[in-house]
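So the structure is just underneath, and the comments pick up after that.
A note on names: the letters A, B, ... follow the listed sequences, proteins ahead of strands, and every chain is numbered from 1.
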Amino acid sequence: GAGVSQSPRYKVAKRGQDVALRCDPISGHVSLFWYQQALGQGPEFLTYFQNEAQLDKSGLPSDRFFAERPEGSVSTLKIQRTQQEDSAVYLCASSLRLAGGVGEQFFGPGTRLTVL
Amino acid sequence: DAKTTQPPSMDCAEGRAANLPCNHSTISGNEYVYWYRQIHSQGPQYIIHGLKNNETNEMASLIITEDRKSSTLILPHATLRDTAVYYCIVRGAPSNTGNQFYFGTGTSLTVIP
C-alpha cells in the first residue's frame, strides 16, 4: 500500500483528555495537510507543512491544537484537553509538489475522533 | 479563493451520464477548478482539474464555460460505485500559505439501479 495512512482509524476520548493522531504520507511527498471534517460538512483546512516546516497554521481552531512533522515525513496532530466540539474526522493529505502544487492531493482514510 | 455553489443532491440512473454543475462566478484568471469526491467513510479522492480548457481522463470529463464562471463534471456511464459526495473547488496558484482546498458542502450524488 503506497497511499497515505492514518492511525488510529477511530479514537474515543473523554472530555479533557489529550489525543495524538498520526499521519504517514506517501514516501517522498513534500507537502502535508491536515483537515477537519465535521459530520455532514466538507473538510476544513487546519495546517500545512512543507517538509518539516509548518508554513500555515491559520486553520487551527485553538491553541489546544498542535501539529508537528519533525523529520519531514510522519506528522502528528495533537489535541490537548479535548472538548466535545472537537469530535470530527481528521484527514491528512500529501502532495509531491511544493505548496501542494497544481495537481492532486492524496488523502488518507481519516481518524474519527469522538469526545464523550 | 473563489466560492463555489453546487446543488446539495442529485440522482442519476445507473449507466447514464451524470452531469454535476458548479458555479464559480468570482473565479479569477489564475485559479484552477478541481473536482474531488468522497465515498462514505473514505478520504476525498481526486477526480480531475482544469484551468480554461476542457479536460478528460479515465474517470471523468470537465467542461468549463468560456467565461470560466461555471463548470460541469461529467461521469459518462455512472455506476453504483460512483455514489458519493462530489466537491467542486476553486484554488489559486500554490504558495506557501493559502494553498489549501476549500471544499464547501458538495453535491451528494446517488446512482440508482
Side-chain angles (χ1 to χ4, degrees), chain A residues 1 3-7 9-10 21 23-26 29-51 53-60 67 88-112, chain B residues 1 3-9 20 22 24 28-53 55 57-60 62 73 84-109:
Chain A
V4 178
S5 61
Q6 294 185 246
S7 61
R9 288 295 314 277
Y10 303 91
L21 312 180
C23 171
D24 285 79
I26 295 173
H29 277 199
V30 172
S31 298
L32 186 145
F33 303 82
W34 283 96
Y35 293 82
Q36 179 190 58
Q37 186 171 23
L39 188 64
Q41 303 296 313
E44 293 191 357
F45 170 78
L46 294 176
T47 188
Y48 161 65
F49 288 86
Q50 180 178 305
N51 295 308
Q54 188 176 20
L55 297 185
D56 187 349
K57 52 183 180 180
S58 61
L60 296 176
V89 175
Y90 290 86
L91 294 161
C92 176
S94 71
S95 173
L96 183 60
R97 298 174 179 84
L98 288 174
V102 177
E104 65 180 296
Q105 294 181 13
F106 295 84
F107 282 80
T111 294
R112 181 177 295 278
Chain B
D1 289 333
K3 181 178 178 180
T4 61
T5 304
Q6 299 177 253
S9 63
L20 291 91
C22 179
H24 31 79
S28 61
N30 63 349
E31 290 183 316
Y32 286 76
V33 179
Y34 286 79
W35 283 84
Y36 276 72
R37 73 180 183 184
Q38 189 172 25
I39 295 170
H40 184 63
S41 296
Q42 298 183 20
Q45 175 191 25
Y46 168 83
I47 301 173
I48 199 166
H49 75 280
L51 182 63
K52 297 179 182 179
N53 300 321
E55 301 288 343
N57 62 21
E58 64 278 5
M59 290 183 67
L62 173 61
L73 179 74
V85 177
Y86 287 77
Y87 295 99
C88 170
I89 302 159
V90 171
R91 178 172 177 257
S95 66
N96 285 345
T97 61
N99 52 63
Q100 65 270 29
F101 288 126
Y102 294 95
F103 279 82
T105 53
T107 295
S108 178
L109 174 70

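Counting heavy atoms of neighbouring residues, nucleotides and ligands inside a 6.0 Å radius, atom CD of A:Glu44 does not exceed 12 of them.
Residue B:Tyr87 comes nearest to A:Gln41 through the heavy atom pair OH-O, 3.8 Å, listed as atom of the first residue, atom of the second, then distance. Of all heavy-atom pairs spanning B:Ser41 and A:Arg9, the tightest one is O-NH2, 3.8 Å. Residues A:Leu91 and B:Pro44 share a closest heavy-atom pair of CD1-CD, 3.9 Å.
Taking A:Phe107 as the reference, A:Tyr35, B:Tyr36, B:Phe103 meet the ring-ring contact (aromatic ring centres under 6.0 Å, His included) condition, with sequence neighbours excluded.
Of the listed residues A:Cys92, A:Gly108, A:Pro43, A:Pro109, the one with more heavy-atom pairs under 4.5 angstrom with chain B than any other is A:Pro43.
Looking at B:Gln38, only its side chain comes within 4.5 Å of chain A, counting heavy atoms on both sides. For A:Gln6, no part lies near chain B; criterion is any non-hydrogen pair under 4.5 Å.
Considering OH of B:Tyr102 and CZ of A:Phe45, their distance stands at 7.5 Å, rounded to 0.5 Å.
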